[in-house]
Visitor: 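Got a structure for you, questions after.
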Amino acid sequence: MLIHLKTLGCRLNEAELETWAQAFQKSGHQITRQAETAHVIVLNSCAVTQDAARKSRQLIRRIHRDNPQAKLVVSGCYATLNEDEAVSLLGVDLVVSNKDKDQLVEKTLTELNMDSMPALSTEPGEISLFTRGRQRAFVKVQDGCRYRCTFCIVTVARGEENSRPVQAVIDEINALHRQGITEVILTGVHLGGYGSDLGNNLSALIKAILAETSIPRLRLGSLEPWELPGDFFELFSNPRLMPHLHLPLQSGSDTVLRRMARRCKTEEFAAIVNQLRAQIPNFNVTTDIIVGFPGETEQEWRDSFDFIKQTGFGHIHIFTYSSREGTKAAGLPDQLSNDIKKQRSRQLHELADDMKQTFFADNVGLEFPVLWEGYSEVLDDGKQRVFGYTPNYLRVGCVIDGDVSVENRTLNCVVTAVGESGVCGELVLK
């Protein structure tokens with residue numbers, strides 16, 4: 001059968017698609033990019049906001065409209081939090097909740113009466129590696145979160161923490177590397193809580209991966225800035241662990257952080273960032289900020305803005321707060337007007353753009369090993385502009401001859417200038 005996999009939402013959702021693709025192929029089925037020709041379509045839905053839930057419903061309807069003959073399987077946070085609604089949507093044949101995601105492929109094949117003996121069963125090939133091209137893949141190492149930030153619905157949808165065994169993660173990374181993958185990104189709902197149910201921790205997992213795989217590049221997905229093991233920072237002395245962390249701050253005001261039930265104060269956050277930057281120059285720290293949280297006063301906003309400016313970030317994901325049914329924050333008093341939230345969002349976007357350009361400029365003149373992507377732009381003179389990422393996650397563009405391929409190769413590049421959406425560089429020819 002032809003299987004089409006689609007996702008909304010976070011990197012963890014993408015990592016789960018990767019796992020399902022591998023499992024469907026082991027059962028002898030094929031992954032296709034064309035939804036209109038698929039026999040089965042699997043959607044990994046999102047519900048992090050009310051708007052995300054709405055988009056999930058719309059996508060389900062569009063999938064069925066465009067390919068009404070396909071069997072439609074829906075999983076993810078929307079399907080988990082709104083199971084009855086998802087089941088009732090036209091075209092949905094099977095709903096698999098988050099707690100049953102590990103059995104999604106088996107359930108799809110058996111409950112939809114598709115568990116027939118395939119004509120050809122093969123080991124998964126690189127066609128399953130569709131999420132980030134042939135050079136990069138996400139690997140899910142844990143699910144769930146034991147904390148309850150007042151704005152977050154995901155912890156309700158994902159349930160309690162559940163970590164994958166170290167050996168299972170190592171086996172998956174080695175298999176991906178054999179397929180040509182050069183970089184792996186570890187993901188989870190609460191990545192820093194990895195191992196809480198296994199008696200180990202994230203540092204132990206990283207050390208095992210570095211020791212028992214030869215994957216050239218290892219990255220960490222979004223990581224809450226607490227519960228970091230004592231030996232965590234020294235791990236970055238290994239050049240295979242990339243010097244970039246996405247540490248969600250959410251607010252630069254300690255009083256707002258308390259209302260959010262966050263477990264990291266601004267002073268602790270600053271200490272983490274300073275330690276990373278002291279150890280590795282040009283370490284890239286990116287973050288999430290929620291603007292307009294209930295009760296956010298003008299003084300709290302000013303405190304938050306000033307702390308963000310003082311810290312400096314390579315990139316900020318800015319979210320304007322919207323009430324999410326089922327969260328504690330939805331019932332908090334003093335909900336802010338849309339006008340105030342829009343004003344503060346504009347201010348933060350301007351600051352974020354300035355900080356990003358400053359970080360770009362700080363890297364000009366430096367030489368980095370760059371993992372080059374497959375995508376390129378053809379230029380008028382017959383040359384091409386190729387793109388890749390430095391270890392500290394700068395997107396760099398470089399002009400090379402049109403008949404040269406650098407896809408999935410790591411070649412050194414000197415950053416020469418600041419571009420619109422990244423930096424420009426020149427290949428170092430040795």
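Position 1 is the first residue of the sequence, and the numbers go up from there.
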Visitor: I want to check a possible cation-pi pair here: R395 against F387, using under 6.0 Å from ring centre and within 45° of the ring axis as the test.
Guide: yes
Visitor: Would you check if the distance from the ring center of H317 to the ring center of H246 is below 6.0 Å?
Guide: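 That pair passes the under 6.0 Å test.
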Visitor: Ring pair (Phe, Tyr, Trp, His ring centres under 6.0 Å), that's the test. Do Y147 and H190 meet it? Break it down for me.
Guide: CA-CA 9 Å; Y147 301 110; H190 177 37; 5.4 Å; yes
Visitor: Checking side-chain polar atoms at under 3.5 Å, does Q357 have a donor or acceptor matched by the opposite partner on D353?
Guide: no
Visitor: For the residue pair S196 and E161, confirm or rule out a side-chain donor-acceptor distance under 3.5 Å.
Guide: yes
Visitor: Regarding N363 and N392, do their side chains bring together a donor and an acceptor under 3.5 Å, going by distance alone?
Guide: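 A donor-acceptor contact under 3.5 Å links the two side chains.
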Visitor: Check whether the side chains of E373 and Q135 place a donor and an acceptor atom closer than 3.5 Å, and report yes or no.
Guide: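 Per modelled atom types, E373 and Q135 side chains form a pair under 3.5 Å.
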Visitor: Under 3.5 Å, is there a donor-acceptor pair linking the side chains of D51 and T49?
Guide: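 Judged by distance alone, the side chains do not pair up.
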Visitor: Going by distance alone, is a donor N or O of one side chain under 3.5 Å from an acceptor N or O of the other, for H177 and T213?
Guide: no
Visitor: For K101, enumerate each residue passing the salt bridge (charged side-chain N to carboxylate O under 4.0 Å, His left out) test, keeping only those at least two apart in sequence or located in another chain.
Guide: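 Partners of K101 by the salt bridge (charged side-chain N to carboxylate O under 4.0 Å, His left out) criterion, ordered by chain and then number, come out as E16.
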Visitor: Which class fits the ring pair F232 and F236: parallel under 30°, tilted 30 to 60°, perpendicular over 60°?
Guide: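 It falls in the perpendicular class, over 60°.
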Visitor: Answer yes or no: is there a side-chain heavy-atom contact under 4.5 Å between Q142 and V189?
Guide: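 Sidechains of V189 and Q142: in contact.
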Visitor: Could you tell me whether the side chains of S253 and D303 share a donor-acceptor contact shorter than 3.5 Å?
Guide: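 Result is no, nothing qualifies.
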Visitor: Q58 and R54: side-chain donor and acceptor closer than 3.5 Å?
Guide: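 R54 and Q58 do have a side-chain donor-acceptor pair below 3.5 Å.
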Visitor: Evaluate whether atom CD of E267 has more than 12 neighbouring non-hydrogen atoms of other residues, nucleotides or ligands under 6.0 angstrom away.
Guide: no
